[in-house]
Amino acid sequence: MSHDTTPTGDLIDRYVYQVVRRLPQSQRADIEAELRGLIDDMLSARGGGKREDVIAVLRELGRPAELASRYSGARRSLIGPEYYDTYLLVLKIVLAATAFGMAIAQTIGIVAGATVSIPAAVGGFIAAILGAMVQAFAWVTIIFALVERWSKGSLVKGAEWDPDDLPSVPEKNTAIPRSEPIAGIVFIVLLLVLLNAAPQLFSAYLPEGGSLRMVPVFDLDVFYRQLPLVDVMICVGLVKEVLRLITGRYTLALSLALTALNIVSAVMFILLFGPASGVWNPHFMTQIGTEWSLSETAAQLWSVVPIVLTGLVIFGHVVDSVQAILRSARHRKA
């Protein structure tokens, strides 16, 4: 993407990249060409292309997020231009995943629940989905409004910004494909919705008298008592994916933040789902044993499940942290 290998050319590349990355894909090429032409004209008007001239021109154009906002013509208020596009993307993902997850939960509830009239079932189905989507909209908006208020960019909005603070254009091996955090957000939101709306969905389904008998893997009394903390643990994972989406590349700051969040998430998982948590249904194998003719040894293996899951979660968090640190180190080297 670089058009000039000089230090001033690199500075212009970094500025242009930060502007066009916030615009729709279909507009980026045209606006990049237009912006580079504008910068060249402004430099020519100053009679040169020295570093101080480039810095003056970029300061005159303004912060990349604000310039991108002017190019897009969108009106933004509660969520500023620095995070507005990411906010819209996350909001769409969360609303879609919430609606899908609630639809699954409500469908299972209607099928497994007592017989009700069709109008009542449809009304409850729609009301539950709309209610969940309203809550999702509110929480996503609140989170991004707080980020906007507390972020460095918002706190110094009135101060003069320094083009030298622009991050470099990311190398391919350090950039984070948007598909990765988006897929993570979808999975996490679905898990959050299902665990809150229909934790009984996580069960073994046994045929019984022409219907299905559900044997939950959780001790639901213990699970409901711990549910608020479970939600916090899941939201920690959501924060990780949002940070990846906002940053767009692996940096030292991002890798350290991900490592800290991974530690918090792993500790919470051990406390909430580890062998001593009591959240797993202790009679799970006994309740399904008669149907599936499980041996006593197989039933005893159920006690190993929390240990295995805990080990897998810890291993996954360690791999995620190490990968982030190595990729950020590769970026710093580049």
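All values below were derived from every heavy atom in this structure, side-chain atoms included, with hydrogens, water molecules and symmetry-related copies excluded.
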Are L89 and I182 side-chain neighbours, meaning at least one heavy-atom pair lies under 4.5 Å?
yes
Is there side-chain contact between V94 and W139, with at least one heavy-atom pair below 4.5 Å?
no
Rounded to the nearest 0.5 Å, what separates atom OH in Y15 from atom CZ in R63?
10.5 Å
Measuring from L227:CG to L272:CG, what's the distance to the nearest 0.5 Å?
10.0 Å
Quick one: do V239 and V264 satisfy side chain to side chain contact (heavy atoms under 4.5 Å, CB included)? Show the steps, please.
CA-CA 12 Å; V239 169; V264 172; over 6 Å; no
For L195 against F218, the heavy-atom pair lying closest together:
CD2-CE1, 4.3 Å
Report yes or no: do L38 and L58 belong to one cluster of Ile/Leu/Val/Met/Phe/Trp/Tyr joined by side chain heavy-atom distances under 4.5 Å?
yes
Distance from D30 atom CG to L35 atom CG, nearest 0.5 Å?
12.5 Å
Under 4.5 Å between any side-chain heavy atoms of K240 and R244, yes or no?
yes
So which heavy atom on P199 is nearest to which on F223, and how close?
CB-CE2, 3.5 Å
Any non-hydrogen side-chain atom of M42 less than 4.5 Å from a side-chain atom of E60?
yes
SG-CG distance between C235 and L261, expressed to the nearest 0.5 angstrom:
12.0 Å
Given T247, which partner from the list L254, V242, T86, L258 fulfils the side-chain contact (heavy atoms from CB on, under 4.5 Å) test?
L254
Do F137 and T98 come within less than 4.5 Å of each other through their side chains, counting heavy atoms only?
no
On a heavy-atom basis, which atom in S277 and which in V222 lie closest, and how many Å separate them?
O-CG1, 4.1 Å
Point-to-point distance, once rounded to the nearest 0.5 Å, from CG of L220 to OG of S203:
7.0 Å
Joint hydrophobic cluster, V215 plus L201, side-chain heavy atoms closer than 4.5 Å
yes
L245 backbone acceptor or donor facing R178 side chain under 3.5 Å
no
For F187, I'd like to know if atom CZ has over 12 heavy atoms of other residues, nucleotides or ligands within 6.0 Å.
no
Criterion side chain to side chain contact (heavy atoms under 4.5 Å, CB included) on V16 and I39, from CA distance to verdict:
CA-CA 10 Å; V16 172; I39 293 173; 4.2 Å; yes
For the pair E241 (side chain) and I185 (backbone), establish whether a donor and an acceptor sit closer than 3.5 Å, ignoring hydrogens and angles.
no
May I ask you to test the I104-V193 pair for a side-chain heavy-atom distance under 4.5 Å?
no
Taking V232 as the starting point, is it possible to reach F269 by hopping between hydrophobic residues whose side chains are less than 4.5 Å apart?
yes
From CA spacing to verdict: side chain to side chain contact (heavy atoms under 4.5 Å, CB included), F100, V189
CA-CA 10 Å; F100 181 68; V189 172; over 6 Å; no
Nearest heavy-atom contact between A266 and H317 is N-CD2, 3.8 Å
Determine whether L194 and Y224 fall in the same hydrophobic cluster, where Ile, Leu, Val, Met, Phe, Trp and Tyr are linked whenever their side-chain heavy atoms lie under 4.5 Å apart.
yes
Between I314 and I270, is there a side-chain heavy-atom distance shorter than 4.5 Å?
yes
Can you see which heavy atom on M102 is nearest to which on A132, and at what distance?
CG-CB, 3.4 Å
Counting C-beta onward and ignoring hydrogens, is there a side-chain heavy-atom pair between F273 and P306 closer than 4.5 Å?
no
Distance from L312 atom CG to I307 atom CD1, nearest 0.5 Å?
12.0 Å
To which residues is F315 joined in a hydrophobic cluster, defined by side-chain heavy-atom contacts under 4.5 Å among Ile, Leu, Val, Met, Phe, Trp and Tyr, whether direct or through other members?
V319
L252 and S328: which non-hydrogen atoms are nearest, and at how many Å?
N-CB, 3.6 Å
Side-chain donor or acceptor of W280 paired with backbone N/O of V217 under 3.5 Å:
no
Identify the residue among L229, L192, N196 that makes a side-chain contact (heavy atoms from CB on, under 4.5 Å) with I234.
L192
Decide whether M233 and L271 are clustered together by the hydrophobic rule: side chain heavy atoms of Ile, Leu, Val, Met, Phe, Trp, Tyr closer than 4.5 Å, transitively.
no
